[in-house]
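All heavy atoms count here, side chains included; hydrogens, waters and symmetry mates do not.
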Amino acid sequence: MTAVRKVGVVGAGTMGQSICEMLAANGLDVYMAEQNEERLAHALNMIELSLDKQMERWAVTAAEKKLVLSRIHPKSSLNELQSCELVIETITEDLDSKLAIFKELDAVCLPDVILASNTSTLSLTELASVTSNPDRVIGMHFVYPVNRADLVEIVRGLKTSDDVFERTKRFVETTIHKKGVMVFESPGFVTTRLICLFINEALHVLEEGVASAEDIDSAMRIGYAFQHGPFEMADRFGLDAVLAALERMFREYGELKYRPSFILKKMVRGGQLGVKSGSGFFEYDKDGGRI
């Protein structure tokens, strides 16, 4: 099997943008698929903004920025991912939408193309069940921000073949230079399950009036060398995404510790979703910087 050079990414939300930028920075040709031109234009704009910020920090040069952008090809149809050797699905955590995507990808892509999902809580076995080759479906769960988090959870569904697992692990470790950890399918895998419980417990501490959101974040950031505290983390993941993950794990495991805090529910209902809406536990500018 030759090395992967062309990767399709389905979905150009925050996570999709982050994955596309990281793949292009690793020298790969990236086909970024999204339903409409407007969303594609917005995604490219956000990737350019991210590269500009890195230029300000001297992390990339103008020439490198140009090169990364030249490797990202916006596509508005999944049919245009035919020539990709690997496709990563990164749309919102909605089972029916993901099933529809996998069914379509299965019809479009050649049988030996790996179909990966960035899902954090859904069953890979279920996603694979709508394809004619369930052995080629695997989970590649990236941690946000993708260019700074050097970890990928490689999740095996019930029918994922050893060959597909080995090829995926090789891609993760030698092509995009991240650490791949193997996880067996279970709701939340390792990272989502632990980090959502951490955020949920922080919410209970806040509810009880033990400390302010700012002080709880400072305690974990400074005391335990976390890059962000639990509340800024939740803001950056998207409060709606955290709520969806907790609700799914609560449903699947039936344990009270996964029951989402009422503060989280109230904020999501009020449209305070964190960075993407400009306000969550903290306020953010349009580039995602804390105000």
List in chain and number order the residues that pass side chain to side chain donor-acceptor pair (under 3.5 Å) with Tyr284, two or more places apart in sequence or in another chain; answer none if no residue qualifies. Asp235
Thr90 side-chain N/O to Asn118 backbone N/O, donor-acceptor pair under 3.5 Å: no
Are Arg156 and Phe165 in a cation-pi contact, defined as NZ or CZ under 6.0 Å from the six-membered ring centre and within 45° of the axis? yes
Main-chain N/O of Ser50 paired with Glu21 side-chain donor or acceptor, under 3.5 Å: no
Any side-chain donor paired with an acceptor under 3.5 Å for Asn200 and Ser261? no
Could you give me the CA-CA distance, side-chain angles and deciding distance for Val87 and Cys109, then say whether side-chain contact (heavy atoms from CB on, under 4.5 Å) is met? CA-CA 9 Å; Val87 179; Cys109 302; 4.0 Å; yes
Any sub-3.5 Å donor-acceptor pair from Thr131's side-chain atoms to Lys103's backbone N or O? no
Just by distance, do the side chain of Lys178 and the backbone of Val146 share a donor-acceptor pair under 3.5 Å? yes
Whether Glu64 side chain and Thr61 backbone form a donor-acceptor pair below 3.5 Å: yes
Check: Glu153 side chain, Val190 main-chain N or O, donor-acceptor pair, under 3.5 Å: yes
Please state whether the rings of Phe281 and Phe231 are parallel, tilted or perpendicular, taking 30° and 60° as the class boundaries. tilted
If only side-chain N and O atoms count, and only distance matters, is there a donor-acceptor pair under 3.5 Å linking Ser76 with Glu34? no
